[in-house]
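Residue numbers begin at 1 in each chain, while the letters A, B, ... track the order of the sequences.
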Number of protein chains: 2
Amino acid sequence: MGTVKRGSERREDALSRERIVEAAIELLDDEGESGLTFRVLATRLATGAGALYWHVASKSELLIAAADTVVAQAMDEAPVAASPRDAIRGIAGKVFEAIDAHPWVGTQLARAPWEAPMLRIFERVGRQVQALGVRGGAQFTSASALLSYIVGASIQNATNGRLFEPSVDRVDFLGAMSARWKELDAHEYPFLRKIAAHLPRHDDLAEFLAGLELILTGIEASL
Amino acid sequence: MGTVKRGSERREDALSRERIVEAAIELLDDEGESGLTFRVLATRLATGAGALYWHVASKSELLIAAADTVVAQAMDEAPVAASPRDAIRGIAGKVFEAIDAHPWVGTQLARAPWEAPMLRIFERVGRQVQALGVRGGAQFTSASALLSYIVGASIQNATNGRLFEPSVDRVDFLGAMSARWKELDAHEYPFLRKIAAHLPRHDDLAEFLAGLELILTGIEASL
DNA sequence: TGCCCAATGGAACGCCGTTCCATTGACCGC
DNA sequence: GCGGTCAATGGAACGGCGTTCCATTGGGCA
């Protein structure tokens, strides 16, 4: 092929920011947050750790880029909806799904809440809040509340499957958690002890969406 | 003093789990999350890093204990209230305040959402949800939604003051953020660009409590 | 008084993120 | 075609981390 403006393609397998981010996402998914290491990443890309720094400034920048890629894709996949309320449900569901599939994205959003990935979600939610008929400063309030809930709840959910070995599945995890709650001090933790019984048969996504409805109802009630 | 059951007091300045956790909190507050190091902590306590492991199993256990101490104190300080709704406002406010004063607590809650500190908050919120008249499975849904919102929003707020140097204050931070939002792509980010103007004069705590009202309204509407 | 063992603290291990720099090899002007 | 230039590479080295190991200590009890 002819000349390309800058650097062009040295080799077919040349390093590039995209290839690095892609490999980082794979590694994070495979090995978890502690599995992402410049050395391991370099090995997977058949290069040296130093070379990565030509394309990526630091590990935290790489993490943000990785999270942004996942979030951007999730936002693109969010279904078009008839009503603003449905649109918000769709966006929330996609975020929940993305963080569930990539738990490290949740941690990342909590660590850097004002970076690109969070802004993407905020923008999408905000537009629908506008479409809902919310006016003025309440737009910020409502969109922020939705964002905080969506991300906060997704993070908590995603940790379910991450705490123990991958071999321990969700049902076992909830069973163990329920047992732990039942053993709490009766005087200090009456509420947790009482609802511990509900834990094993609760549906994460349904619970998440039910919580979302509460906020949506609150927003529409204050229109 | 006579004999004490176990180990007793070797010296007045003896190491103990409490003293270690206390020093860790100080260090985290002074230097931020990256400032907590077993070596630095040992130096502050005038001992060696290895000695700490006699009282504390690992760094992550220490972080949980530190966060739990802060959260427990915040919960103890939560005001008694006339109505359940006021009580929830009080609890939320204390959590917000605690995470604002100790941003590392927020990160910690996001990283380990099923540990003791989170359960403390869940219990307090859950009791008030019960008192509000919510029944059965909806208690879990409502309390979870409140918890996710309270913690999620507090984390986002706390990061405001942590991103840049301590010398950069809140107003400058919000101004810089607002400027960044105004420079976003006009086609991709219409909502953020529009509300960027509101950013510099928004009141964090008021905004947080306004978002809380949305959920409370939603909960009471579905009674 | 002497033993025991909880408690200590310093050294060492294997990682980490990051920096440095000698080397490569494709492109551009000649 | 040829040589110079410089973006890009990758391996070595640096300082610091969490954690482990172990020789040493010194207070309480038989």
Side chain to side chain contact (heavy atoms under 4.5 Å, CB included) partners of [X], counting only residues at least two apart:
| X | value |
| --- | --- |
| Pro200(B) | Ser178(B) |
| Ala42(A) | Thr47(A), Ala49(A), Leu52(A) |
| Ala153(A) | Tyr149(A), Phe208(A), Ser148(B) |
| Leu174(A) | Arg170(A), Leu199(A), His202(A) |

Practice problem: Under 4.0 Å between any heavy atoms, over every strand shown, what does Leu52(B) touch: base, sugar-phosphate, or nothing? Just pick one. | Solution: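 Nothing: the residue Leu52(B), judged by heavy atoms under 4.0 Å, touches no strand.
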Practice problem: Would you classify Leu36(A) as touching base, sugar-phosphate or nothing, given that sugar-phosphate means primed atoms plus P, OP1 and OP2, and contacts are heavy atoms under 4.0 Å? | Solution: sugar-phosphate
Can you tell me how far [atom2] of [N] sits from [atom1] of [X], to the nearest Å?
| X | N | atom1 | atom2 | answer |
| --- | --- | --- | --- | --- |
| Arg17(A) | dA7(D) | CZ | P | 19 Å |
| Glu33(B) | dG18(D) | CD | C1' | 17 Å |
| Leu15(B) | dG10(C) | CG | C1' | 15 Å |

Self-check item: Any residue of residues 22-31 of chain A with a heavy atom less than 4.0 Å from an atom of DNA chain C
Solution: none
Could you list all N or O pairs between the protein and nucleotides 18-20 of chain C that sit under 3.5 Å apart?
{"from": "dT18(C)", "atom 1": "OP2", "to": "Tyr53(A)", "atom 2": "OH", "distance (Å)": "2.9"}
{"from": "dT18(C)", "atom 1": "OP2", "to": "Lys59(A)", "atom 2": "N", "distance (Å)": "2.8"}
{"from": "dT18(C)", "atom 1": "O5'", "to": "Tyr53(A)", "atom 2": "OH", "distance (Å)": "3.2"}

Practice problem: Search all heavy atoms of Trp114(A) against all heavy atoms of Arg180(B) and return the closest pair with its distance. | Solution: O-NH2, 3.3 Å
Quiz item: Within the structure, does a side-chain N or O atom of His55(A) lie under 4.0 Å from either OP1 or OP2 of dA7(D)?
Solution: no
Practice problem: Please state whether the phosphate of dT9(D), meaning OP1 or OP2, lies under 4.0 angstrom from any side-chain nitrogen or oxygen of Trp54(A). | Solution: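 So the side-chain polar atoms of Trp54(A) never come under 4.0 Å of the phosphate oxygens OP1 or OP2 of dT9(D).
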Self-check item: salt bridge (Lys or Arg N to Asp or Glu O under 4.0 Å) against Asp203(B), all qualifying residues, sequence neighbours excluded
Solution: none
Quiz item: What residues form a side chain to side chain donor-acceptor pair (under 3.5 Å) with Arg39(B), not counting sequence neighbours?
Solution: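 Arg39(B) satisfies side chain to side chain donor-acceptor pair (under 3.5 Å) with no residue once adjacent residues are dropped.
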Practice problem: Name all residues meeting the side chain to side chain donor-acceptor pair (under 3.5 Å) criterion together with Arg193(A); count only those two or more places apart in sequence or in a different chain, and write none if there are none. | Solution: none
